[in-house]
There are 2 protein chains.
Amino acid sequence: MMKNSGHTRRERPYHHGDLYSSLVKAAEDLLEEKGANALSLREVCQCAGVSHAAPYRHFRDKAALMEAVAKAGFNQLGEMISEARARHPGEPEMQILDAGRAYVAWATENPERTRLMFGGMMKSDTIDEDLHQAAEAAYDEIYRIIDEGRSTGVFGGRDTDSVVLSAWSAVHGLTMLILGSGKLTPENPRDVRALADIIGDTVVSGIRSR
Amino acid sequence: MMKNSGHTRRERPYHHGDLYSSLVKAAEDLLEEKGANALSLREVCQCAGVSHAAPYRHFRDKAALMEAVAKAGFNQLGEMISEARARHPGEPEMQILDAGRAYVAWATENPERTRLMFGGMMKSDTIDEDLHQAAEAAYDEIYRIIDEGRSTGVFGGRDTDSVVLSAWSAVHGLTMLILGSGKLTPENPRDVRALADIIGDTVVSGIRSR
DNA sequence: CATAGATGTTTACGCTGCAAACATAGCGCG
DNA sequence: CGCGCTATGTTTGCAGCGTAAACATCTATG
């Protein structure tokens with residue numbers, strides 16, 4: 001039977017309007033809900049109210065959609081670090097401690113997205129430049145903290161990149177261990193924060209100018 | 001036509017002999033070769049010279065096979081740390097530095113297995129106890145190093161577990177960043193080792209008794 | 001106002017993980 | 001010694017997946 005054409009636009013219009021964002025959003029939600037392995041593109045489509053082939057007008061393939069999700073994640077993460085930095089102007093030690101807490105907190109609240117971001121979905125020939133750039137931006141936020149600390153003599157180290165790497169590694173490692181193999185499984189955010197503080201103290205001790 | 005029965009055993013016997021190990025081995029190889037996403041159970045079977053339903057006699061499902069692979073990985077990793085410890089008797093600082101190098105080196109040589117181990121294949125209701133135990137054993141190796149260092153006054157910290165967490169987080173974080181999102185992609189093992197040493201120095205500085 | 005390009009749908013295909021029914025082989029018990 | 005029981009491997013079948021191609025619909029541009 002012919003579908004009602006024209007007058008009642010109530011019945012979801014043929015064109016979605018903003019399918020790109022809807023798909024990313026739906027993918028984010030379903031990803032956290034079902035896990036990366038159980039996430040099917042078709043279910044994302046169903047969730048966005050669209051046929052299972054529609055995404056191919058906006059994404060080359062499923063991996064490209066996941067890259068968009070990862071990119072959005074890096075942007076959020078970078079923003080949280082930036083906010084932590086702004087929260088303690090002129091206090092680099094407080095800035096990293098707070099940034100570390102924010103990092104761990106965000107990751108534990110979005111475990112699947114975090115795993116996606118740092119997993120290894122890139123097959124190197126498909127190194128989406130946008131994704132790389134978003135990750136770089138998050139890195140730069142940490143760099144700014146360390147750089148200020150080193151320029152005011154609070155932090156030491158032979159070069160800023162080494163110190164950034166040390167700090168990021170420690171926080172990121174804790175994060176992945178928490179998400180990881182079932183060894184560390186704190187029940188509530190309080191415990192997460194306590195662990196983050198332990199690592200934070202050690203990091204600051206390790207990179208402090210002496 | 002009826003298959004030759006009995007006399008010439010050349011023609012691969014109906015029973016494989018040691019299918020369990022063969023499947024784990026084949027899965028390990030194919031995992032590193034094709035990546036976790038592209039790994040199909042059917043291809044593992046073909047590689048082991050067996051029909052695509054055979055594994056179900058030995059593993060509940062595909063995830064169970066991957067768990068066995070992960071478990072073997074943790075055993076290997078724990079062994080490497082243990083060897084690093086044995087290499088510098090009475091020198092805890094050298095022990096962690098060397099263990100850290102071994103950790104990073106092993107992970108970069110077996111990236112897919114590492115991602116599998118620390119990814120998040122456990123759905124918590126399927127927390128295979130063997131897997132948890134293998135991971136715990138690797139943890140214990142690090143614990144022994146830190147514990148000795150603290151008992152001889154080389155390392156500080158309020159409790160051993162906190163120090164272990166700090167050290168492991170830093171090394172593990174570096175590892176995952178190297179494997180990770182394309183930010184750190186050192187070409188050769190030399191670079192990897194240099195990065196490991198940077199993190200190692202910071203960790204030791206951070207946990208040293210002062 | 002027509003029509004070209006962008007956006008969404010339908011249909012189809014090969015591959016996947018898994019279950020059920022079937023075949024074979026080795027092992028213990030009479 | 002032989003018979004069947006059980007462990008192991010195979011075949012067949014199914015629903016769901018990602019993706020491509022052909023088709024339908026809308027929207028914007030001349």
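Chain letters run A, B, ... following the sequence lines, proteins first, then strands; residues in each count from 1.
- Of the charged side-chain nitrogens involved, none lies within less than 4.0 Å of a carboxylate oxygen, so that B:Glu28 and B:Lys25 do not count as a salt-bridged pair.
- Residue side chain A:Arg42 does not reach the base of D:dG16 through any donor-acceptor N/O pair under 3.5 Å, judged by distance alone.
- Residue B:Asn37 contributes atom CG, which lies 11 Å from atom P of D:dT19 at whole-angstrom precision.
- Using the six-membered ring where Trp is involved, A:Trp168 and A:Tyr139 have ring planes that are tilted, between 30° and 60° apart.
- Taking atom OH of B:Tyr56 as the reference point, atom C1' of C:dA20 lies 13 Å away to the nearest angstrom.
- In terms of phosphate contacts, B:Ser40 brings a side-chain nitrogen or oxygen within less than 4.0 Å of OP1 or OP2 of C:dT16.
- B:Leu65 comes within 4.0 angstrom of nothing in the nucleic acid, heavy atoms only.
- One atom, NZ of B:Lys62, and another, C1' of C:dC15, lie 12 Å apart when rounded to the nearest Å.
- Looking at the side chain of A:Arg57, the nearest of the listed nucleotides D:dT10, D:dA22, D:dA20 is D:dA22.
- Among the atoms of the strands shown, only primed sugar atoms or phosphate atoms (P, OP1, OP2) are found under 4.0 Å from some heavy atom of B:His58.
- Atom pair A:Met66:CE and D:dG18:P shows a separation of 10 Å (rounding to whole Å applied).
- Straight-line distance from the CD atom of B:Glu43 to the P atom of C:dG17: 10 Å, rounded to whole Å.
- Across the protein-nucleic acid pair, B:Tyr20 atom OH and D:dT8 atom P stand 13 Å apart, rounded to whole Å.
- Across every non-hydrogen atom of B:Leu77 and B:Trp106, the tightest pair is CD1-CE3, 3.8 Å.
- You'll find that the side chain of A:Ser51 is closest to C:dT10, out of C:dC18, D:dT10, C:dT10.
- One interatomic measurement links the two molecules: CG of A:Leu30 to P of D:dC17, which rounds to 11 Å at whole-angstrom precision.
- B:Glu33 CD: more than 12 foreign heavy atoms inside a 6.0 Å radius.
- Nearest to the side chain of A:Ala53, among D:dA21, C:dG8, D:dG9, sits D:dA21.
- No donor-acceptor contact under 3.5 Å links the side chain of A:His52 to the base of C:dT10.
- As rounded to whole Å, 15 Å separates atom C1' of D:dG9 from atom CZ of B:Phe59.
- The aromatic rings of A:His172 and A:Phe118 are tilted relative to each other, their planes meeting at an angle between 30° and 60°.
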